[in-house]
Amino acid sequence: MHKVQTQAPETPGRDDIRPLMGNEAIARGAWEAGVKVASAYPGTPSTEILESLARYPAEEISVEWAVNEKVALDIAIGASFAGVRAFCAMKHVGLNVAADALMSQTYIGAHGGLVITVCDDPGIHSSQNEQDTRLFARLAMVPCLEPSDAQEALEFTRLAFELSEEFDTPVIVRSTTRLSHTRSAVRVGERGSAPRKAFVHDPAKSVMIPSHARARHGRLLEREARLRERFAQAPFARIERGRKDIGVITTSVAYTYVKEVLPEASVLKLGASWPLPEALLKEFAESVERLFVVEELEPVIEDELRKLGLRVEGKVWFPRTGELSPEVVRDGLVAAGVLEPPPAEEEALEIEPLVRPPVLCAGCPHMSTYNALRYLDVRVAGDIGCYTLAAIEPLRAIDTCVSMGSSIANAIGMARAGTAEKPIVATIGDSTFLHAGIPPLIDAVYNDVNITVIILDNSITAMTGGQHHPGTGHGIRGNKTHKVEYEDICRAVGVKWVRTVDPYEYGTLLKTLREAVEYKGVAVVIADRPCVIDPVKITGEPLRIDSASCIACQACMNLGCPALTWSDEWHEGHHKVKIEPSLCIGCTVCAQVCPTASIQPERTE
Amino acid sequence: MAETTLNDDAGAENAEATAARPTNVLIVGVGGQGVIMVSKVMATLAQRAGFEVKQSEVHGMAKRGGGVFSHVRFGHKVFSPTIPRGEVDVLLALEWAEGLRWLNHLNRSRGTFIADVKRIVPPFACRNRADGAPLGYSRETPKDVLSRVRTGYALNASGMAERLGNPRVANTILLGVLSTALDFPEEEWLAVIEQFVPPKTVEVNLRAFGEGRDWVARHGEVGPDEEVDFSPPAGLETPPRRPRVFIERAWCKSCDICVKMCPERCLELDEAHIARMRAPERCTGCRLCEYLCPDFAIRVLRLPQDASEEEASA
C-alpha cells in the first residue's frame, strides 16, 4: 500500500501541474529551494517527506535517514554552519527529541538556510499524544509557517529558506496529518541555485557559552519584532472580505474548513502562526463586529489576541482536543449562533460499527514473543512501534508505553522501586533501540539492575512503512552500508547474558525467555526474524486446520493472527477455527501452540 | 439504470448550488485491500477532466489490517480535504462491514452506496469466549441495507474477480460499478485504469471493469446480488452452558502449566502449590487447562446455566 502512495517526481517541466501529497509538496519545495543536505528519522505523518527527497539525484542533494531526530537536526545544523541550505523533517514528538539542539540553535541562527518541517497529529491517528508544535515555536522564538494545502506547502517551504537566511533563524514549517496526507494539484517550479557560502569562523555567534548566549538572547527579541512585520504581508497574511458582522482569523487546514462551512464570512488567513502580526490582527478585529479564531489544538492565536486586549471567541466554541473537520467547525458556529442548526437528520441508520482496530500482520514475528511473555507472567515495559499493538486483545502483554526508548529505563525504575511482584522485562524494536535504547541499556549495566531486555529485531522500521536504519545494512537510496550487530553492542556496553533466538521457534523462544528472566542481572534476548511485509513481502505455503480434530480451545487465537478466524462449526459451545489461506504465510507458530496438532501444511492431505 | 447520475433529483432551482458544490466520493475498506489505489484512480480521472481535486487519507496504523478510508472531492473549487458528514455522493466499500460503518456519512437524498459483500473478519470479532457467543461481525444483510438507501448496489466483486482468474481485480469491478454513477466517459476510465495497474494485468483489469458495468446493467433495480448467500452463520443449537473446572488436588504435581497457559488467567497455585480456580467468573470453558494437564488432574464440565451447586459437584 505504501508503495502506491508516493509517486516518483518526474523531471519537471516549466509550469508543471501535478497531484502531490502535502508531504511530497514539502519535499518538492525544499528541493526547489536548492537544499543540499536533508536528514530525518521516520515518523507518521512525516515519513514520506524524506522518502520523496531521496528520489532526487544524489549529486544534487544528500538525503539520509538519521538514527534519531536530534541527530537529524544536528546534521542539518552542521550543514547550515558549512554554508549550504539544510533541511530536516520529523513528527511532532520527534521535536521533543530534537528540542535540545533547537533551543540553542535559535540563538545561533542560520548561516545556510535551516528549515525544520514538523508534522503534528491532531486526533492522534498514529502517535502517543497530540502536542501542538506552535507552542514549541513560541518557546524557541522561531518563526512557524502553516500552509493550508499542498500548493502552499511547497511555496512556504521554499520561502522558509529565504526567511531563514534573511532573518538569521531556523524556521519551522508546521504540517498536520491532514495536510501531509492530502493529495491535490500543485504547480511545481524548477530547482533554484542556492547560495553556497564558506564556513564563517565567528565564535561569538556560533559557540554558545554563557557570555555569547547572553548577547544573542537580546537579538532574538529584535528578530521577532522584524518577523511580526514580515508576517503582516503577503503571502503570509491575506484578508478575504465578506460579511462585516462575522470575522474569522484562521490558519493551516482549519482555513479550508472555515471556507467550507462559512464561505461568506470575512477571513484573515494567516500563513505564519508565530510570531503574529499584531497591527494587522488589531486592524482586522476592528473591521468586524464579532471575531472568531478557528485553530486546531492550542489557542495560540487566540491567546495573543487576548493579550492585545481584543474581544475574541475561539476555544469556547471549538475544541482544544482532537482534529478539526468541517463538522466540528460547523457545530462550533451553530453553538455560537452564527449558523442555523442543520435540519434534523432523517432516521439515522442504526448500525453498530464493527470493531476493527489495527492488528499485527499475519505471521508477524512479534506475536509469538508477546504470547510467550504472557505465559511467563512478567511485567512488560513496552515501547513505540508496531508491537505496541500487543497491548490490546488478545495478547494483552504490554503494561506501559511512554515514548521512544522509554522501555528500558522504565524497567530500571520499576526494578529500583523494589515493589516488583513479577520479573521485569523491557521490549523494544530494533529501530527504537538504536534511536534511544542504547543509553538506558548502558545505564542498566552500569547500575547493575536485574531486568530482561528483549530487542524485537525485525530488520526494518516497520510501523512507519518500512524504512531502513543502521541495523538493516542499507541506506535510504537502497545503498549498502555497515550493518549494526546488536549482540556486539550489548557485549560492548557490558551485558554478560545475550542470546539471539528465532521467534518462529516457539519452544526455543519460551525456554530462552525463561532463562533470561531467571538470570540475575541484565539479560538481553534478540528476537531475530524479519518483518513479513517490509522490505520484501514474505509469502509461504498456507497451513490448514483439520476441523474434525479442532477442539475449539482457542490457544491459536491467543496469538491474534489475522489469518485465524472462527469457522461456522462449533465444538462444545465454542467456535472452531479456520485459516484464511490468502493471508497465512505458513510461519507455523499457531501449529506449534495447537494442543491437538490440528494445524498442518496443506500438502500433507 | 446504468445511468444513475448524481444530482438527478437536484432540480433546476438549485442547479447553481449543485454546480458550486464539489462531488464527494468516499472509498473505504480494510488495510491492504487497495483503498488508496482506487482513490488515486478516481482522483486522477477527475483531474484529467479539469476539476480541482483533493484526496485525503490517513496512513500509519491503518496499514495494519485496520479500517482505511479515503476522501476524494472534486469540483470547480474544493476547500476542505475531508467530506462533511452526510455529504457523501458515492460511498464505495471494498468490504461489507466497512461500508456499513460509513453509511451514515452518505447523503440520503442523492447518495449511491456500492459495496462488495466480501467479509474480512477481524481477530477482534472472535474474542468472546463465552459459551455459545456469536461471531462479532455485522449482522446486517444487503437486503436490510439496500432497502434503506436511495441507490445501492451490493455485489460479490471478489467472487467475480476469482472467476476472472485474478482476485486482485475485485477493485476494478467495483470501479466499473462506480463509473455508472458518475459522469465520466468510459474511455477516460479505461485510460486511467491502464495507467495504474501492472502492465501484465491490463487486459484482465479492463475486462473486470466491463464486468462491473455489465453487472449494473443486469441488476439495474435496487437489489442484492441473488447469487450471493449472505445469511449470517448459524448459531449454537443447544442453549449456552456455564463452565465449571474441577481439579483433582491429589493428582496435581504443581507443574504450573495450567496456571501459565490459561488465556483468561483464572488459575493460580495455592499455599500448598496446588492448582485452584482464582477467578471462576472469568472462565470461558475453553478446556485448555484440561487438555494440557500432564496428569489428567483437571476436568472442565459444561453445566446448564441454572445448575445448583449440588448438581455441579455431583
Presence of salt bridge, A/Arg178 and A/Glu296, under 4.0 angstrom:
no
Sort [X] into side chain, backbone, both or neither according to what part of it lies under 4.5 angstrom from a heavy atom of chain B.
{"X": "A/Glu572", "result": "both"}
{"X": "A/Cys561", "result": "backbone"}
{"X": "A/Pro45", "result": "neither"}
{"X": "A/Arg396", "result": "side chain"}
{"X": "A/Trp570", "result": "side chain"}
{"X": "A/Glu327", "result": "side chain"}
{"X": "A/Val355", "result": "both"}

Heavy-atom pair with the smallest gap, counting every atom of [X] and [Y]:
{"X": "B/Thr284", "Y": "A/His574", "result": "O-CE1, 2.8 Å"}
{"X": "A/Cys550", "Y": "A/Ser598", "result": "N-OG, 3.5 Å"}
{"X": "B/Ser56", "Y": "B/Thr82", "result": "OG-CG2, 4.3 Å"}

Please identify, among [options], the residue contributing the most non-hydrogen atom pairs under 4.5 Å to chain B.
{"options": "A/Ile551, A/Val593, A/Val577", "answer": "A/Ile551"}
{"options": "A/Val258, A/Leu583, A/Thr565", "answer": "A/Thr565"}
{"options": "A/Glu580, A/Glu569, A/His575", "answer": "A/His575"}

Just so I understand: if I count every heavy-atom pair under 4.5 Å between each of B/Thr44, B/Asp256, B/Leu292, B/Ile120 and chain A, which residue has the most?
B/Ile120
To the closest 0.5 Å, what do you measure between OG1 (A/Thr464) and CD1 (A/Ile384)?
12.0 Å
When you look at CZ of B/Arg168, are more than 12 heavy atoms from neighbouring residues, nucleotides or ligands closer to it than 6.0 Å?
no
